[in-house]
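Worksheet: one structure, shown below.
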Amino acid sequence: LALAAQRAGVPFAPVSPAYSLVSTDFAKLRHIFDLLTPGMVFVADGGPFRAALEAVAPAGLPVVTARDPLPGALSFDDMLATTTTEAVERAHAAISGDTVAKFLFTSGSTGMPKAVVNTHRMITCNQAMIAHALAFLQDEPPVLVDWLPWNHTAGGNHNFGIVIHNGGSLYIDDGQPTPQGIAKTLRNLKEIAPTLYFNVPKGYEMLAEQLGRDDALRENFFSRVQLLQYAGAGLSQHVWDTLQRLSVQTTGQRIMIITGYGSTETAPFAFTTTWPVDRPGEVGLPAPGLELKLVPNAEKLELRLRGPNITPGYWRQDDKTAECFDEEGFYRIGDALRFLDPDDVNRGFQFDGRVSEDFKLSTGTWVNMAGVRGAIVRAFAPYVRDAVLTGLDRNHIGALLFLDVEAARKLAPDLSTAGEAELASNPALLAAFQERLDALAAESTGSSTFVARAIVLDRPASIDSGELTDKGSINQRAVMAARAELVEDLYAEPSPSHVLVARRPQR
């Protein structure tokens, strides 16, 4: 259906299932319907989406289902049986580079999701950029085993586009990087050997553990894969090292591991390394045809981009569009980069965090949020999935820690079925976390890196309260707003009993 829409020049918008199946108030889904005013809605399986559609879809809006039909819905099979007319070819001939191909929604990490306009020029130019950077894709048709959802730019533009552009094969992985979903992914990877593989860092962490246990899986996975790419967050060094060790064990050679850098607004490919690197976080050099500008911002270099793969803006939100472009038409992506080697630009760039997320302590000291947050996750790996930093205009840095429940349960035999509330108050877990907080404190170089206090959170982030985006990332501001009392506990005197206080070694 998506390809048919593109063929006929009809804009379409894949929407995150979480807004229908996880959310209970459907606020973001209602916002999307109001913004797009769609002419038709498609759901593969009608039943699970019935409540959401009844809550937000206008009366009389055509609904199409492929399976489990809803009352009054059109059948996708009937649509497929429709005889094509010359109108399709006339519509196709009218398409230009500026024609809107699709809308992809931002994650809503800073408010309601925005509809990013994706033109045909953006999508096609971006695939040409990828083919230039990853030239091996043209040597043989690529084979992907991929779970990344098509309502995100990585799965729906980058990966799906690679298969289409290079005449490859896409095996849709029905698994996910979760304790419940990983088994399906492992089954699929035993059956199909990919030539390149994409995943998020958590997915690689779970996969690396299984590759080390299952010889048949490891042999098949590494049999013809030429490249591993991660995106969405930083890959832990221990996961990186494990994947390299297993590759050498299986093939006698190290595997290329790279990260892609970009956003929904860049279609998404913008930067990558095309050479082997030894550590996570290097984003390489910009794609051919893409201009970049580095603007001093506080203590960082803010990145701005201009090129044929950059969105013209946000649908029906001219104010948001104006905010995101500077006077020269460069897109303000909101991130900072730094030179890997200031004397040699060819070595590429290192990601240096979000410009808007950094903050000052009451002393005027800047805190590099991405750097400190990454250090916390590494120090508490694998038991902490994410951390929210506090400290704006305060005397010290505090942290709210979101547990990786499955990993945390392995800390003690009696925790095998514990929920987050029980885990967060467990003495064995708190003792282990105290040790790691103290170790992190010993490595700090000053107040800008010293995490003085931390709280282990006893409930997961909520999508309805805005704490969690549909991509599974944490909205820092929303978490602090929803848990304001806990934020205050990080600065209370004396410190409450549920707050871990870092002990720095005597020097």
Q) So does K300 pair up with D358, basic N to acidic O under 4.0 Å? A) yes

**Q.** Donor-acceptor under 3.5 Å (Q350 side chain, G284 main chain)
**A.** no

Q: Could you tell me whether the side chains of N395 and S362 share a donor-acceptor contact shorter than 3.5 Å?
A: yes

(Q) Run R453 and E493 through salt bridge (Lys or Arg N to Asp or Glu O under 4.0 Å) and show every step you take. (A) CA-CA 12 Å; R453 298 182 184 182; E493 297 293 350; 2.7 Å; yes

Q: Please confirm whether the backbone N or O of Y314 pairs with a side-chain atom of T321, one donor and one acceptor, at under 3.5 Å?
A: yes

**Q.** Side-chain donor/acceptor of R347 to backbone N/O of L340, under 3.5 Å
**A.** no

**Q.** More than 12 heavy atoms of other groups within 6.0 Å of E485 CD
**A.** no

Q) Can any side-chain N or O of S23 pair as donor or acceptor with the backbone N or O of S20 at less than 3.5 Å? A) no

**Q.** Donor-acceptor side-chain pairing of E422 and N426 below 3.5 angstrom
**A.** no

Q | Inter-residue atom distance I455.CD1 - L486.CG, 0.5 Å rounding | A | 5.0 Å

Q | Summary of salt bridge (Lys or Arg N to Asp or Glu O under 4.0 Å) pairs that have at least one residue in residues 324-334, sequence neighbours excluded | A | K293-D326, K293-E328, R304-D326

(Q) To check you understand the geometry: which heavy-atom pair defines the closest contact between A208 and L243, and what is its length? (A) CB-CD2, 4.0 Å

Q: Decide whether S263 and E265 meet the rule of one side-chain donor and one side-chain acceptor closer than 3.5 Å.
A: yes

Q.
Treating R436 as the side-chain partner and A381 as the backbone partner, does any N or O pair qualify as donor plus acceptor under 3.5 Å?
A. yes

Q) For the atom pair CG (L290) and OH (Y331), what is the distance rounded to the nearest 0.5 Å? A) 12.0 Å

Q | Expected output: side-chain S495 to main-chain Y491 donor-acceptor under 3.5 Å | A | no

Q) So do H31 and P113 actually touch side chain to side chain, heavy atoms under 4.5 Å? A) yes

**Q.** Nearest heavy-atom neighbours spanning L285 and V345
**A.** CD2-O, 3.3 Å

Q. What's the verdict on side-chain contact (heavy atoms from CB on, under 4.5 Å) for V295 and L301, showing C-alpha distance, side-chain angles and the deciding distance?
A. CA-CA 5 Å; V295 180; L301 292 175; over 6 Å; no

Q) Taking the inter-plane angle between the rings of F221 and Y197 on a 0 to 90° scale, is it parallel (under 30°), tilted (30 to 60°) or perpendicular (over 60°)? A) perpendicular

Q.
Measuring from atom CZ of R409 to atom CG of L429, what distance do you get when rounded to the nearest 0.5 angstrom?
A. 12.0 Å

Q: First locate atom CG of L228, then atom CG of N199, and finally report the distance between them rounded to the nearest 0.5 Å.
A: 9.5 Å

Q | ring pair (Phe, Tyr, Trp, His ring centres under 6.0 Å) involving F103 - partner list, sequence neighbours excluded | A | W315

Q: Step through the shown structure and confirm whether more than 12 heavy atoms of other residues, nucleotides or ligands are within 6.0 Å of NE2 on H132.
A: no

Q: List the atom of A375, the atom of L440, and the distance in Å for their closest heavy-atom pair.
A: O-CD1, 3.9 Å

Q) How long is the span from the OG1 atom in T273 to the CD atom in E282, to the nearest 0.5 Å? A) 7.0 Å

Q. side-chain hydrogen bond (donor to acceptor under 3.5 Å, both in side chains) between R254 and S247: does it pass, once the steps are laid out?
A. CA-CA 6 Å; R254 292 168 62 85; S247 178; over 6 Å; no

Q.
Quick one, M480 and V487 - any side-chain contact, counting heavy atoms below 4.5 Å?
A. yes

Q. Going through the checks in order, is the salt bridge (Lys or Arg N to Asp or Glu O under 4.0 Å) test met by R306 and E291?
A. CA-CA 5 Å; R306 184 170 67 184; E291 296 179 82; 3.1 Å; yes

Q. Should F402 and V377 be marked as a side-chain contact (heavy atoms from CB on, under 4.5 Å) after you check the CA-CA gap, both sets of side-chain angles, and the distance that decides it?
A. CA-CA 10 Å; F402 283 99; V377 174; over 6 Å; no

(Q) Under 3.5 Å, is there a donor on one side chain and an acceptor on the other for N157 and N118? (A) yes

Q. For the residue pair I376 and A387, what are the closest heavy atoms and their distance?
A. CG2-CB, 3.9 Å

Q: List for me each residue that meets side chain to side chain donor-acceptor pair (under 3.5 Å) alongside T124, sequence neighbours excluded, and say none if there are none.
A: none

Q | Criterion side-chain contact (heavy atoms from CB on, under 4.5 Å) on L144 and N159, from CA distance to verdict | A | CA-CA 8 Å; L144 273 66; N159 298 358; 3.9 Å; yes

(Q) Less than 4.5 Å apart, side chain to side chain, heavy atoms only: is that true for M122 and T119? (A) yes

Q. Just wondering, do F160 and I123 contact through their side chains at under 4.5 Å, heavy atoms?
A. no

Q: State yes or no: are the ring centers of F325 and F330 separated by less than 6.0 Å?
A: no

Q: Calculate, to the nearest 0.5 Å, the distance between atoms CG and CZ belonging to L189 and F222 respectively.
A: 10.5 Å

Q: Would you check if N151 and P17 make a side-chain contact, meaning some heavy-atom pair closer than 4.5 Å?
A: yes

Q: Using only heavy-atom distances, determine whether the side chains of Y204 and T242 contain a donor-acceptor pair under 3.5 Å.
A: no

Q. Just wondering, do L403 and F433 contact through their side chains at under 4.5 Å, heavy atoms?
A. yes

Q) Where does the angle between the aromatic ring planes of F198 and H158 fall among parallel (under 30°), tilted (30 to 60°) and perpendicular (over 60°)? A) perpendicular

(Q) Does R373 form a salt bridge (Lys or Arg N to Asp or Glu O under 4.0 Å) with D386? I'd like the steps, not just the answer. (A) CA-CA 8 Å; R373 182 179 174 190; D386 211 334; 3.0 Å; yes

Q: Before giving the answer on side-chain contact (heavy atoms from CB on, under 4.5 Å), spell out for F339 and L294 the whole-Å C-alpha distance, their side-chain angles and the decisive distance to 0.1 Å.
A: CA-CA 10 Å; F339 291 99; L294 296 173; 3.8 Å; yes

Q. Counting N and O atoms only, with roles assigned by atom type, does the side chain of Q229 sit under 3.5 Å from a partner on the main chain of I257, one being a donor and the other an acceptor?
A. no

Q.
Could you check whether any side-chain N or O of T449 sits under 3.5 Å from a backbone N or O of T445, counting only pairs where one atom can act as donor and the other as acceptor?
A. yes

Q. Can you name the nearest heavy-atom pair linking I474 to A461, along with the distance?
A. CD1-CB, 3.7 Å

(Q) Would K28 pass as a cation-pi partner of Y19, given that its NZ or CZ must be under 6.0 Å from the six-membered ring centre and within 45 degrees of the axis? (A) no

(Q) Donor-acceptor check, side chain of H396 to backbone of L490, threshold 3.5 angstrom: yes or no? (A) yes

Q: Could you tell me which non-hydrogen atom of I397 sits nearest to which non-hydrogen atom of S448, and how far apart they are?
A: CD1-O, 3.5 Å

Q) Got F359 and M369 here, is their nearest side-chain heavy-atom distance under 4.5 Å? A) yes

Q. Can you tell if the side chain of E467 reaches within under 4.5 Å of the side chain of R483, non-hydrogen atoms only?
A. yes

Q | Stepwise salt bridge (Lys or Arg N to Asp or Glu O under 4.0 Å) check, R394 with E488 | A | CA-CA 11 Å; R394 305 273 196 164; E488 293 305 316; 2.6 Å; yes

Q: State whether the side chain of T311 and the backbone N or O of V117 hold a donor-acceptor pair below 3.5 Å, judged by distance alone.
A: yes

(Q) Taking the basic N atoms (NZ, or NE/NH1/NH2) and the acidic carboxylate oxygens, is any pair closer than 4.0 Å for K410 and E209? (A) yes

